[in-house]
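Chain letters run A, B, ... following the sequence lines, proteins first, then strands; residues in each count from 1.
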Amino acid sequence: MNVKSYGPVSAVLLQVWLPVVLVLAWFLVSAQSTSVFWPPLTTILAAFGDWAASGTLWSSLAYSFGNYFMALILATVVGVAIGTAIGLMPRVGQVLSPYLDFFRTLPIVVFVPIVILTLGVGRGPKVFLIFLACVWPILLNTIEGVRSIQASVFETARSYRIPLALRIRRVVLPGAAPQIAIGLRLAISIGIVMLVVSEMYGSTEGVGHFILQSGQRFQLPETWAGTLLIGVIGWLFTALYMFGEHRVLAWTRQDAETRRSGRVSKGDKS
Amino acid sequence: MTWTQTIRASAAADNRRRAVPAIALWRAVVFVGGIALWAAISASDLFPAGLLPSPAAVAVALGEQIVTAQYWEALGLTLWGAAVGLAAAAVVGIAIGILTAASSAAELSMRFLIDFGRAFPAVALIAVMVLILGRGIELKATLVFVAVVFLIIVQTQQGVRRIPPSILETARAFRTPRGLLVRRVMLPSAAPSILTGLRLGASVAVLVAISTEVLSGSAGIGNQITDAQLGANPPVAYAYIVTAGLLGFGVNAGLERLQSAIVRWRPPVKGED
Amino acid sequence: MTRDMATDVALSAADVGKSFGTGESRVEVIHGLTLQIRTGDVTCLVGPSGVGKTTLLRLLAGLAAPSTGSVSLAGEEITEPSEKIAVVFQDYRGSLMPWMKVADNVAFPLEGRGVGKAERRRRAREALEVVGLGGNEDKYPWQLSGGMQQRVAIARALAYEAPIMLMDEPFGSLDAQTRFDLEDLVLRLRNEIGITIVVVTHDIDEAVYLGDRVVVLGGRPSSIVDDVEVPLGRERTQLTTKSTPTFVELRTRVLGEIQQNSLTPAAVTD
């Protein structure tokens with residue numbers, strides 16, 4: 001296995017060359033295209049430009065992602081709160097576990113028709129659906145995170161009589177943070193999927209709606225523009241999140257590294 | 001056993017023994033309580049009519065549906081679409097995963113593509129794909145493929161990277177031919193991660209298949225739900241929702257068991273669960 | 001040599017017993033143990049592996065409740081961790097919070113008590129100076145060696161300003177030189193501040209070196225096998241004290257008792 005490591009500059013170049021080449025190839029190959037389904041990349045970009053210039057792009061984005069973030073924040077608050085409570089009560093967790101497992105694998109998308117057809121095409125139902133989809137990974141990973149905190153940490157807090165509120169704030173949540181972060185990362189991508197689905201199923205506004213409408217009107221460049229935009233946004237959110245998570249949870253990696261290397265216990269100056 | 005081990009073992013055994021009947025009891029209580037709560041909410045005016053039919057109505061609807069051919073056909077179509085997409089994604093994903101994990105240069109080159117692919121909501125492609133591919137199995141399988149392949153690539157890469165270098169060195173020292181190396185050394189070592197990837201991929205596959213059906217009217221469980229709802233028949237819609245839940249649960253549980261059975265020499269790897 | 005026996009009793013266990021499990025699998029770890037810790041003493045608890053030293057310490061700390069008998073602090077029974085007792089655990093890595101800086105770790109119990117920020121910082125800094133870690137306030141635990149991390153744990157116990165400190169095999173995972181330095185630190189704490197200290201250890205040399213009194217546990221269920229006064233005075237040094245005849249004699253005696261009461265079948269004599 002060739003696990004050569006590369007210097008920073010070469011590493012960046014290696015990561016960049018293929019995407020750049022592919023995009024260029026796309027330009028070149030599609031420029032000749034006469035197929036309706038695969039319009040030239042330039043046409044797609046032009047459609048995107050029109051969309052942006054007309055202002056509807058921005059209002060669509062505001063609508064879609066306004067809903068998205070509202071739902072995500074709600075899901076985080078609820079998921080972490082309930083997850084922490086369940087995580088701190090292991091018996092409760094044991095009793096509930098098969099039900100939690102069941103709801104974990106239930107595709108929330110099945111509720112889209114019912115919710116939208118009953119509650120309408122407004123913001124509320126969509127926020128509700130995105131919330132429902134995002135809350136599960138956060139909830140379950142919070143439970144896991146709390147459970148993964150070493151018993152000795154809890155015992156220390158108990159021996160020093162740390163009150164519950166402080167314990168949750170300074171011991172439980174930071175201790176569970178790495179696992180909660182994993183749940184949040186999942187929720188971010190699941191949320192975008194649900195955003196798209198709910199808007200495509202029943203909406204009068206938003207990016208998903210735009211994509212659907214363009215498709216129905218057989219406006220392929222616009223449809224592609226919208227689809228690619230969502231793709232880029234999805235990737236951007238995940239990338240930004242990973243970056244942020246990296247900085248905030250720096251302590252977990254360093255801590256884990258020193259534990260692994262066992263460097264600490266031997267012979268250093270005390 | 002030492003004294004300490006004795007204490008711990010006895011405390012654990014005791015907890016287990018006392019707990020098993022108690023837990024089962026509590027779980028039954030939660031189940032009954034949950035159904036009761038459901039019935040109460042649906043009977044009340046909390047939600048608009050039709051959002052939450054009563055458990056009794058859903059049970060009846062499920063009973064009625066289960067005996068129809070339509071039900072099993074829908075179930076089969078959803079599973080079939082998911083399976084085809086998953087199989088294709090497995091073949092391509094594992095291959096690419098192994099190839100890229102072998103060389104840092106390859107891995108770095110593909111990294112952006114894979115990250116982008118993973119974060120891309122495959123369902124968004126439905127608007128374009130439905131025009132190109134129609135509403136049949138091809139649509140479902142393609143979207144499932146796009147949604148799952150990147151996940152499998154990443155899991156495979158992780159699995160291959162987990163292989164202790166010493167094993168590879170030994171194989172190389174014995175001048176093992178490439179094919180044999182991959183088949184008998186790399187694949188088995190990477191198997192736990194790969195199998196986890198397949199299991200997670202299966203859940204995503206079912207999810208994407210159902211989403212496709214809901215949005216495109218492609219035949220399957222998702223479509224049944226939409227039809228039922230449009231036909232003002234919420235209990236039937238919920239019957240299929242419950243089916244979808246059981247399907248997801250069953251697929252995951254079944255694969256977990258399969259995974260444990262295949263890789264008996266190592267506990268299942270958690271992956272990005 | 002006689003000792004002035006008219007000293008206060010800081011902490012006592014009266015006819016204490018502890019069992020785990022119920023019914024057939026019930027295991028009695030400690031039986032009918034009575035022990036009085038004198039104020040200002042360093043008392044060391046030794047015994048063969050698995051005899052229940054840690055269990056006894058946890059009973060004394062209020063972290064576990066005795067099955068029979070009671071534990072009292074200055075005459076009053078305790079059933080939960082007390083403000084007057086600070087515990088230093090064996091595993092510093094499981095006891096210090098890796099997401100908090102050293103100073104925050106040390107000040108955490110005070111935060112739990114509601115002490116103001118400025119005061120907390122002052123006390124934390126003082127405690128760190130006492131243990132010889134002045135200047136390390138803003139480091140994270142993983143940046144320190146094992147010995148230094150254990151010092152942080154001790155500083156935390158000091159900042160708590162409890163008159164009693166219980167230590168559970170505090171230096172077990174450290175190398176010899178570090179251990180000697182920390183043992184001297186413990187003696188200094190007792191001499192300069194007057195804390196009552198109880199140390200659980202499997203290291204007999206350490207027990208005799210540190211203790212004014214060594215309590216030997218043995219048997220199954222365990223009880224006190226011997227209670228030895230250590231007339232080596234308050235000023236001790238690693239070099240000289242450990243080679244005095246008294247030291248050697250006490251050490252041999254304790255070792256003999258432990259070996260006799262070891263729980264492995266091979267060592268049992270009649």
Contact winner vs chain A - B:A122, B:A127, B:A124, heavy-atom pairs under 4.5 Å: B:A124
Largest heavy-atom contact set with chain B, pairs under 4.5 Å, which of [options]:
options: A:G215, A:P137, A:P113; result: A:P113
options: A:L140, A:L117, A:L96; result: A:L117
options: A:I192, A:V197, A:D101, A:V16; result: A:V197
options: A:G226, A:G234, A:S10, A:P98; result: A:P98
options: A:Y99, A:F237, A:F218; result: A:Y99

Atom pair [atom1] ([X]) and [atom2] ([Y]), whose distance is rounded to the nearest 0.5 Å:
X: A:L236; Y: B:F116; atom1: CG; atom2: CZ; answer: 10.0 Å
X: B:I241; Y: A:I114; atom1: CD1; atom2: CD1; answer: 4.0 Å
X: A:I116; Y: B:T226; atom1: CD1; atom2: OG1; answer: 10.5 Å
X: B:I132; Y: A:L220; atom1: CD1; atom2: CG; answer: 6.5 Å
X: B:L131; Y: A:F37; atom1: CG; atom2: CZ; answer: 6.5 Å
X: A:L106; Y: B:S203; atom1: CG; atom2: OG; answer: 11.5 Å

[X] vs [Y] side-chain heavy atoms within contact, under 4.5 Å:
X: A:F111; Y: B:L51; answer: no
X: A:M194; Y: B:P121; answer: no
X: A:V109; Y: B:V123; answer: no
X: B:F112; Y: A:L18; answer: no

Looking at [X], I'd like to know if its [atom1] atom is crowded, meaning that more than 12 non-hydrogen atoms belonging to other residues, nucleotides or ligands lie closer than 6.0 Å.
X: A:R147; atom1: CZ; value: no
X: A:F103; atom1: CZ; value: no
X: B:F31; atom1: CZ; value: no
X: B:W26; atom1: CH2; value: no
X: A:Y241; atom1: OH; value: yes

Side chain, backbone, both or neither: which part of [X] has an atom under 4.5 Å from a heavy atom of chain B?
X: A:T238; value: side chain
X: A:L119; value: side chain
X: A:V207; value: neither
X: A:F102; value: both
X: A:V110; value: both
X: A:I188; value: neither

Step-by-step side chain to side chain contact (heavy atoms under 4.5 Å, CB included) determination, A:L14 to B:E107: CA-CA 9 Å; A:L14 272 172; B:E107 196 258 315; over 6 Å; no
Residue part contacting chain A, namely of B:L230, when any heavy atom lies under 4.5 Å: both
Interface moiety of B:I221 toward chain A, non-hydrogen atoms closer than 4.5 Å: neither
Under 3.5 Å donor-acceptor, B:R27 side chain and A:Q94 backbone: yes
Criterion side chain to side chain contact (heavy atoms under 4.5 Å, CB included) on B:D115 and A:M242, from CA distance to verdict: CA-CA 11 Å; B:D115 279 346; A:M242 294 297 284; over 6 Å; no
Shortest non-hydrogen contact between B:I210 and A:P107, atoms and distance: CD1-CG, 4.0 Å
Considering all heavy atoms, the nearest B:S109-A:W17 contact: OG-NE1, 3.0 Å
